[in-house]
Number of protein chains: 2
Amino acid sequence: MTTYRAPVAEMAFTLRHVAGLDRAIAEGLHGDLSDDLVDTILDEAGRFANDVVAPLNTIGDRHGTPLKDGVVTMPPGYREAYRAWTEGGWNALPGPVEYGGQGLPILLNAACIEMWNSAAMAFGLGPLLTAGGVEALSRHGSEELRARYLEKLVSGEWTATMNLTEPQAGSDLSVMRTRAEPAGDGSYRISGEKIYITWGEHDLTDNIVHLVLARLPDAPAGTRGISLFLVPKVLPDGARNALKCAGIEHKLGIHGSPTCTMVYDGATGWLVGEANRGLACMFTMMNNARLGVGLQGVAIAERAYQQALSYARDRRQGRATAAAEGASAIIEHPDVQRMLLTMKALTGASRGICYLTAEAIDRAHRAPDEAARRAAQARASLLTPVAKAFSTDIGIEVASLGIQVHGGMGFVEETGAAQHLRDARIAAIYEGTNGIQAIDLVTRKLPLENGAVVRGQIGAMRLVAERVLKEGGPAFGHTAPRLRETIEALDRATSHLLKALGSNRPEEALAGATPYLRLFGLAQGGACLAQAALAANAAAKAGSTDPAHPARIVLARFFAENLATAARGLEETVTGGGGFLQDGALALAG
Amino acid sequence: MTTYRAPVAEMAFTLRHVAGLDRAIAEGLHGDLSDDLVDTILDEAGRFANDVVAPLNTIGDRHGTPLKDGVVTMPPGYREAYRAWTEGGWNALPGPVEYGGQGLPILLNAACIEMWNSAAMAFGLGPLLTAGGVEALSRHGSEELRARYLEKLVSGEWTATMNLTEPQAGSDLSVMRTRAEPAGDGSYRISGEKIYITWGEHDLTDNIVHLVLARLPDAPAGTRGISLFLVPKVLPDGARNALKCAGIEHKLGIHGSPTCTMVYDGATGWLVGEANRGLACMFTMMNNARLGVGLQGVAIAERAYQQALSYARDRRQGRATAAAEGASAIIEHPDVQRMLLTMKALTGASRGICYLTAEAIDRAHRAPDEAARRAAQARASLLTPVAKAFSTDIGIEVASLGIQVHGGMGFVEETGAAQHLRDARIAAIYEGTNGIQAIDLVTRKLPLENGAVVRGQIGAMRLVAERVLKEGGPAFGHTAPRLRETIEALDRATSHLLKALGSNRPEEALAGATPYLRLFGLAQGGACLAQAALAANAAAKAGSTDPAHPARIVLARFFAENLATAARGLEETVTGGGGFLQDGALALAG
């Protein structure tokens, strides 16, 4: 079984030349953050991910997280690794300085999140929830709650959870039933059952801070009657709160991450934010977590790629050419090369999209003027569902291809390739299914500023294609025309959907949402890879002999000529495939 | 958890109106087989699959097949079910009459294979190997071997295995090492280790007949020095042969099917066919098994679809329309409908392709004149890799969509949706990986009769598209133009590949093989669904009020407008994506 080696150089290149970290630093957005410090942090994170976290991946899968008498035992090694990880300051990296965080860019942390999750997704998942908790408390928590909880959450000494789902309330939170009764002393008594609570119970930390959606007694029905509460496992006075883990799911993957049924039985909690505005607070956590989940897709794709690449180099079968002496490494066979290049190109494309999204979030917080902040926020809003859904679909596809590269060995659990597919599968579901992301993209994000936000983003993609046309040499092959066709297909599909929405035919937009998101991902991902290739081309022209530079050009070209080619078909599906709205039920009635 | 209900009516319709069973019966190809008998057999098979086999699916997954002291214990219920299944005559259905078989069409058996494998793929898998053994022995075995083994294999009283793979010899059998030494009495002593032997050991039958590839002492190197041997677990004198199961793989799926490491330690065996011609004999088994594996893809897709459909009808979340009172069943949401229609359309398309292939095999055996037999054989050869690879890719995709429809519940093993993906994953790998199928299609099948075979098949697809244009009313939407575009894209891609092969640029054909096979599957699958829709249209015009008829039209339309739209992009990839042959290694070197 191969282990993981964080692709630090590729990450740094993407941060700088695709997501624009260099420009942001030059503009002074990140204070005295230097190039050197970025490299040092990435190197250190890579070392930690490789040496400490990666070995936990198989262990977590095999041991799972048994529950006994309300106590969840995490897999061997998790406790030590988690402690070392928090003591290394990794949880605090993007956290607010006033609560002990390092205040570093979300973008830099995105690369780190990718590393932790490549190394062991079940381990990397918990801190994503804590980060969401930090975000929600920072923005919406009272001064008292912030003072009591934020420092320990920022450091990771305690972890946080998100409690949304109930058996009858999944994608639709309006039918949630968990109740909160005022206790008279400013606190509330929370009662109800929540399911699918990631890291709801574990033995890594002394306390767990649950952020729980519940209804006040006088709350209006529906989503406007939901409030957010902070409900700690251990109360400030040291007593155990009236909550417990009542069950653990037996899941397809991420066995090292406990997915808990949490029962709140009059547990003490405190309101976060305004009464009945809980959903807005929770969306603060969700948006943050959505990018994190998108990064999990990138992460698992990267690890699956590394493993398949290593196998394909070692395994010898057949002669790739008539001239070959003896069996060739299977990497020499064109069909295996196609699989590996597809894996690498899709991984790189989704990495680019996720990092771009992170950069927009940073800029939304840090840009000096209000207009720039607002524009960046709109861009982050537009890109977040694409980052989440496209990247997690890619995670599944690449993990499945990784199995295929292994042949029969891929189906044997010992090899480790199958675990990646099992782990990857959840990322398309949690934090809002990918269908929900597509609906969000189409119905809420495309109409932003009357379509100006999406048009702006498409315009930025076009500039990349034009630069490839001008600057790219023969090594770029048909990258420019293919990328341009992809972008124009996206543009036309966008017009179609905006028109449907504007003509009060929302169902037509809903019908095309999923293929539209895929099309968006292909165009944006292709633009990201092309941008990296342009930077590589410039570096090579300037004299760099780093073989990674020509490799980046090959990859952008492969993506444009082999994968982005799906764009026109997707456009046709978006614009002409909605016929099933009238009669689809008929075909399913049988 | 939903169980399985064999879609007997849909299968019968596909047999008759897509694969042409009616015509074959009318032509007298199947003796006195009547429509009524076909219906009776399908009904009975469906009942058996639903009631006896389907309940084994979860049990097999959970219990697995533990190995202890060389003995493999099959999951609870398997033994009784297998006995009832063979006693019901199901194993003997397509078997040769002279050995107790019923001599029924491969095509009819294809529908049955689909049912057994939908009901429990791990259970349905074993008999596929036995069928391959029957085929190989019937064609290549000596009279003595046939007399001794065929009757019991035809009835299923004994099972058969295929022993090809060794640790160093997977897709490339030329480096196989297992040896066979003449014992002087006409038998051989077989020594070596074989891996991935499906049902290599089990407790369902008193004997297991291993068909083993091995090298004779004087054999030439490479694949021309491989011979096939029959090596029974129990020798004719009742003694145990010198072979054993030395290990069981811990696999991603099909836990109810033991995948064995078999050690032959001077085991007694007999030559099947000519010395050094073992690969040809084994390909007899393989071709048969390849269609069977394709049917497994259809089978798992059908079961995953049924389960997702049932969940989508029950689960209520959100309001599908502003007018909805309370939560809607999720099947009413456009995005969920898209998923379910995609599942159903892909399943139907791959079913059509597999049944068409089975019909060609029947015709190759039964057509009255030699020219018709040869033409049918060529068609079967062309379609087999598509049936195997396209359908098994579809099996994976549909099973994964099935999980997605379930949301969080899909990731919880208890639901059963995840098992389908785990089970489906192997079918793209065994009996020749899907990459190998694509290479077979492009390099060996396209050149058949200088391209006339593939041109003929494309011509047949065109006729369907033309009929839709003429006969299809408004309900067919854009089915005709989309289908025609798909077929023309296939035609152009075919020309490109034939030209590459004819110009001694085989690597260019190899590079495009996988997207080409996908394109072929979309065109052929779309034509199959359109043909079903045309027959349904005719039936409705003739007065039938069966709601399945309009449903078939909707499905063909959905496929053409939403899925076949990928064709032009695939064509572009096949014809313009080979740039990576020159420099792909560069991108993977990093």
Side-chain angles (χ1 to χ4, degrees), chain A residues 170-172 175 196 249-252 309 317-318 327 334-335 337-338 340-341 403-404 407-408 411-414 418 425-426 428-429 433 435 439 477-478 507 510-511 513-514 547-548 550-551 554-555 557-558 561-562 565-566 568-569 572-573 576-577 579-581 583-584 586-590, chain B residues 170-172 175 196 249-252 309 317-318 327 334-335 337-338 340-341 403-404 407-408 411-414 418 425-426 428-429 433 435 439 477-478 507 510-511 513-514 547-548 550-551 554-555 557-558 561-562 565-566 568-569 572-573 576-577 579-581 583-584 586-590:
Chain A
S171 296
D172 179 6
V175 290
Y196 301 156
E249 304 293 350
H250 173 55
K251 308 187 298 293
L252 176 62
L309 179 67
Q317 288 287 281
D335 191 66
Q337 267 189 22
R338 170 178 291 286
L340 290 168
L341 286 165
I403 291 178
Q404 195 68 21
F411 199 65
V412 173
E413 285 286 3
E414 194 187 5
R425 195 62 194 78
I426 187 59
I429 297 171
T433 65
I439 292 168
H478 299 288
E507 68 289 345
L510 291 172
T514 288
V554 175
L555 207 66
R557 177 180 175 183
F558 179 85
E561 292 180 349
N562 287 275
T565 44
R568 282 194 294 168
E572 254 176 31
T573 301
F580 72 87
L581 286 168
D583 51 20
L586 191 66
L588 298 172
Chain B
S171 297
D172 178 7
V175 290
Y196 301 157
E249 303 293 348
H250 174 54
K251 306 187 300 293
L252 176 62
L309 180 67
Q317 287 288 280
D335 190 65
Q337 268 189 23
R338 170 178 290 285
L340 290 168
L341 286 165
I403 292 178
Q404 195 68 20
F411 199 65
V412 173
E413 286 285 2
E414 195 186 4
R425 194 63 193 77
I426 187 58
I429 297 172
T433 65
I439 291 168
H478 299 289
E507 69 290 345
L510 293 171
T514 288
V554 175
L555 208 65
R557 178 182 176 181
F558 179 85
E561 292 179 350
N562 287 274
T565 43
R568 281 194 294 168
E572 254 177 29
T573 300
F580 71 86
L581 285 167
D583 50 19
L586 191 67
L588 297 171

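The chains referred to below are lettered A, B, ... by the order of the sequence lines, with proteins before strands, and numbering in each begins at 1.
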Can you tell me which portion of [X] sits under 4.5 Å from chain B's heavy atoms? Options are side chain, backbone, both or neither.
X         : result
Ala548(A) : neither
Glu249(A) : side chain
Phe411(A) : both
Arg557(A) : side chain

Counterpart residues, ring pair (Phe, Tyr, Trp, His ring centres under 6.0 Å), relative to Phe558(B) (two or more places apart)
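For Phe558(B), the residues satisfying ring pair (Phe, Tyr, Trp, His ring centres under 6.0 Å) (neighbours in sequence not counted) are Phe580(A).
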
Report the option among [options] that has the most heavy-atom pairs separated by less than 4.5 Å from atoms of chain A.
options                                    : value
Gly407(B), Ala327(B), Gly477(B)            : Gly407(B)
Leu340(B), Val175(B), Val412(B)            : Val412(B)
Pro547(B), Ala513(B), Gly435(B)            : Gly435(B)
Thr514(B), Leu581(B), Ile426(B), Asp335(B) : Ile426(B)
Gln337(B), Arg568(B), Arg338(B)            : Arg338(B)

Donor-acceptor check, side chain of Asp583(B) to backbone of Val554(A), threshold 3.5 angstrom: yes or no?
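Judged by distance alone, no pair lies under 3.5 Å.
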
Would you say the side-chain atoms of Glu561(B) pair up with the backbone N or O of Thr573(A), donor to acceptor, closer than 3.5 Å?
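Checked: no pair found.
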
Would you name the heavy atoms of [X] and [Y] that are closest together and state the gap between them?
X         : Y         : value
Ile429(B) : Gly408(A) : CG2-N, 3.4 Å
Leu586(B) : Pro550(A) : CD2-CB, 3.6 Å
Asn562(A) : Gly577(B) : ND2-O, 3.1 Å

Pick from Glu507(A), Arg425(A), His250(A), His478(A): which one has the most heavy-atom pairs with chain B under 4.5 Å?
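Max contact count across the listed options: Arg425(A).
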
In terms of heavy-atom pairs under 4.5 Å with chain B, which of Ile439(A), Ile403(A), Thr433(A) leads?
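Ranked by contacts with chain B, first place is Ile403(A).
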
Does Asp172(B) have any side-chain hydrogen bond (donor to acceptor under 3.5 Å, both in side chains) partners at least two apart in sequence or in another chain, and if so, which?
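In terms of side-chain hydrogen bond (donor to acceptor under 3.5 Å, both in side chains), with neighbours along the sequence ignored, Asp172(B) is linked to Ser174(B).
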
